[in-house]
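First comes the structure, then the notes that go with it.
Everything numeric here is computed off the predicted structure, so don't read it as measured data. No hydrogens, no waters, no symmetry mates; every other heavy atom, side chains included, goes into these values.
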Amino acid sequence: MDNNQPKPQNQLSIELNPQTTKVSYSNLAIISHSRSEFVLDFATTLPGLPKALVSDRIIMTPEHAKRLMNALFDNVSKYEAQFGVIDLGGKGPQQGGTFNLADFGPFGGGKN
């Protein structure tokens with residue numbers, strides 16, 4: 001692309017600075033919502049530890065949450081086309097692969 005040409009109106013330039021960008025690992029996501037926002041808590045749970053540590057909380061509008069869902073669906077589809085179906089161990093949503101926090105009792109160590 002010619003650097004002298006203006007960028008299209010809908011193109012966004014994103015910079016990833018390794019010195020300032022936070023990187024987190026998560027093997028557990030807790031999602032809740034209200035009428036006006038979705039809250040995604042990303043946590044890490046380790047064998048033998050009684051608590052999962054939430055490292056990041058992302059709050060977004062319902063519209064952005066749906067865009068994220070569509071982007072994840074698209075990327076998982078592309079991943080599976082290239083590498084094969086991701087095995088969930090027979091625990092898809094239809095087989096009980098999701099859960100509600102209410103199933104685990106009070107959240108936050110039993111304090112409201």
Checklist line | Contacts of Ser55 that satisfy side-chain contact (heavy atoms from CB on, under 4.5 Å) - sequence neighbours left out | finding: Ser24
Check: Which pairs pass salt bridge (charged side-chain N to carboxylate O under 4.0 Å, His left out) with one or both residues in residues 67-81, sequence neighbours excluded?
Finding: Asp74-Lys78
Notebook entry, point to check: Listed by chain and number, what are the side-chain contact (heavy atoms from CB on, under 4.5 Å) partners of Val39, not counting sequence neighbours?
Noted result: Ser32, Asp41, Arg57, Ile59
Next item on the list: Taking ring pair (Phe, Tyr, Trp, His ring centres under 6.0 Å) as the test, write out the residues that go with Tyr25, two or more places apart.
Entry: none
Next item on the list: Apply side chain to side chain contact (heavy atoms under 4.5 Å, CB included) to the pair Ile14 and Leu12, showing each step before the final yes or no.
Entry: CA-CA 6 Å; Ile14 297 176; Leu12 177 66; 4.1 Å; yes
Checklist line | salt bridge (charged side-chain N to carboxylate O under 4.0 Å, His left out) contacts in which one or both residues fall within residues 12-37, not counting sequence neighbours | finding: Lys22-Asp56
Item checked: With Gln82 via side-chain contact (heavy atoms from CB on, under 4.5 Å) - residues at least two apart -> none
Next item on the list: Working to the nearest 0.5 Å, report the span between CG of Leu53 and OG1 of Thr44.
Entry: 6.5 Å
Note to self: Who clusters with Leu49? Use side-chain heavy atoms, under 4.5 angstrom, across I, L, V, M, F, W and Y, and order the result by chain and number.
What the structure shows: Leu46
Next item on the list: Only counting residues at least two apart or in another chain, list the ones meeting side-chain contact (heavy atoms from CB on, under 4.5 Å) with Leu72.
Entry: Leu68
Notebook entry, point to check: What residues, two or more places apart in sequence or in another chain, satisfy ring pair (Phe, Tyr, Trp, His ring centres under 6.0 Å) together with His64?
Noted result: none
Note to self: Assigning hydrophobic clusters by single linkage (Ile, Leu, Val, Met, Phe, Trp, Tyr; side-chain heavy-atom cutoff under 4.5 Å), is Phe73 placed with Val76?
What the structure shows: no
Note to self: What I'd like to find out is whether the side chain of Asn27 reaches to under 4.5 Å of the side chain of Thr45, using heavy atoms alone.
What the structure shows: yes
Checklist line | Sequence-distant partners of Phe38, ring pair (Phe, Tyr, Trp, His ring centres under 6.0 Å), two or more places apart | finding: His33
Note to self: Let me confirm one number: the CD1-CZ distance from Ile31 to Phe42, rounded to the nearest 0.5 Å.
What the structure shows: 7.0 Å
Item checked: Test side-chain hydrogen bond (donor to acceptor under 3.5 Å, both in side chains) applied to Asn17 - qualifying residues, sequence neighbours left out -> none
Next item on the list: Write down the atom of Ser26, the atom of Ala43, and the distance for their closest heavy-atom approach.
Entry: OG-O, 2.9 Å
